[in-house]
Amino acid sequence: QVQLVESGGGLVQPGGSLRLSCAASINIFSINALGWYRQGSGKERELVAQVTSRGDTKYADSVKGRFTISRDNAKNTGVLQMNNLKPEDTAVYYCNAKMDWGAEYDFWGQGTQVTVSS
């Protein structure tokens with residue numbers, strides 16, 4: 001089992017910034033891919049950003065140039081820096097860890113609310 005605990009959500013005005021953290025219960029080097037997903041009201045969950053164990057990253061087109069995903073290996077933590085936030089970024093953000101244990105296993109955090117509003 002892998003436990004993930006998110007923090008850093010909240011209310012911010014359009015154009016503002018937030019930094020989300022995801023603390024993992026295991027050595028972050030062993031996570032095949034660490035990602036952030038979000039689910040807005042009435043919408044499906046979508047991938048926002050992901051970083052692999054090799055350091056490869058990918059982003060949703062809607063957040064490219066505004067969001068940055070990284071890993072703090074010393075703290076076993078994944079970080080999503082979100083800048084120039086827009087109202088459409090409002091959603092519950094979930095941390096995800098993909099483990100390669102012969103087959104792929106997915107683990108999820110409990111989610112953290114991000115609300116962008118004036």
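In terms of modelled atom types and a separation under 3.5 Å, the side chain of Thr90 and the main chain of Val116 share a donor-acceptor contact. Distance alone, capped at 3.5 Å, is enough to place a donor-acceptor pair between the Asn76 side chain and the Ile28 backbone. Judged by distance alone, the side chain of Glu46 and the main-chain N or O of Arg38 form no donor-acceptor pair under 3.5 Å. The closest donor-acceptor contact from the side chain of Gln50 to the backbone of Trp36 lies at 3.5 Å or more, if one exists at all. The main-chain N or O of Leu11 is never found under 3.5 Å from a side-chain atom of Thr115 such that the two would form a donor-acceptor pair. In terms of modelled atom types and a separation under 3.5 Å, the side chain of Gln81 and the main chain of Arg19 share no donor-acceptor contact. Side chain of Tyr59 to backbone of Ile69: a donor-acceptor contact under 3.5 angstrom is found.
Closest non-hydrogen pair, Val2 versus Ala97, comes out as CG1-CB, 4.5 Å. The shortest heavy-atom contact between Ser118 and Pro14 is N-CD, 3.7 Å. Residues Thr77 and Ser21 share a closest heavy-atom pair of CG2-CB, 4.0 Å. When all heavy atoms of Cys95 and Leu4 are compared, the pair lying nearest together is O-CD1, 3.7 Å. In this structure, Ala49 and Leu80 approach most closely via the heavy-atom pair CB-CD1, 4.0 Å. In this structure, Asn96 and Asp106 approach most closely via the heavy-atom pair ND2-OD1, 3.0 Å.
Grouped by direct or indirect side-chain proximity (heavy atoms under 4.5 Å, Ile/Leu/Val/Met/Phe/Trp/Tyr only), Val79 sits alone.
Enclosure of atom CD in Gln1 is not indicated, since only 12 or fewer non-hydrogen atoms of other residues, nucleotides or ligands lie within 6.0 angstrom. The number of heavy atoms from other shown groups lying within 6.0 Å of CD (Glu104) is above 12. Annotation for Gln113: atom CD counts as buried by contact number, over 12 foreign heavy atoms lying within 6.0 Å.
Sorted by first and then second residue, the pairs that involve residues 98-118 and meet ring pair (Phe, Tyr, Trp, His ring centres under 6.0 Å), not counting sequence neighbours, are Tyr37-Trp108, Trp101-Tyr105, Trp101-Phe107. A salt bridge (Lys or Arg N to Asp or Glu O under 4.0 Å) check over residues 65-87, counting only residues at least two apart or in different chains, returns the pairs Arg66-Asp89.
Glu6 is not listed as a side-chain neighbour of Leu20, based on a closest heavy-atom distance of 4.5 Å or more. A 4.5 Å side-chain heavy-atom check between Lys98 and Asp100 finds every atom pair outside the cut-off. Val51 has its side chain out of reach of Asp56: every pair of non-hydrogen atoms, C-beta onward, lies at least 4.5 Å apart. You'll find the side chain of Asn83 stays beyond 4.5 Å of the side chain of Phe67, heavy atoms only.
The CD1 atom of Ile31 lies 4.5 Å from the CD1 atom of Ile26; values are rounded to the nearest 0.5 Å. Within the model, atoms OG of Ser53 and CE of Met99 stand 9.5 Å from one another, a figure rounded to the nearest 0.5 Å.
One hydrophobic cluster, built from ILVMFWY side chains closer than 4.5 Å, cannot hold both Val114 and Tyr94; they sit in different ones.
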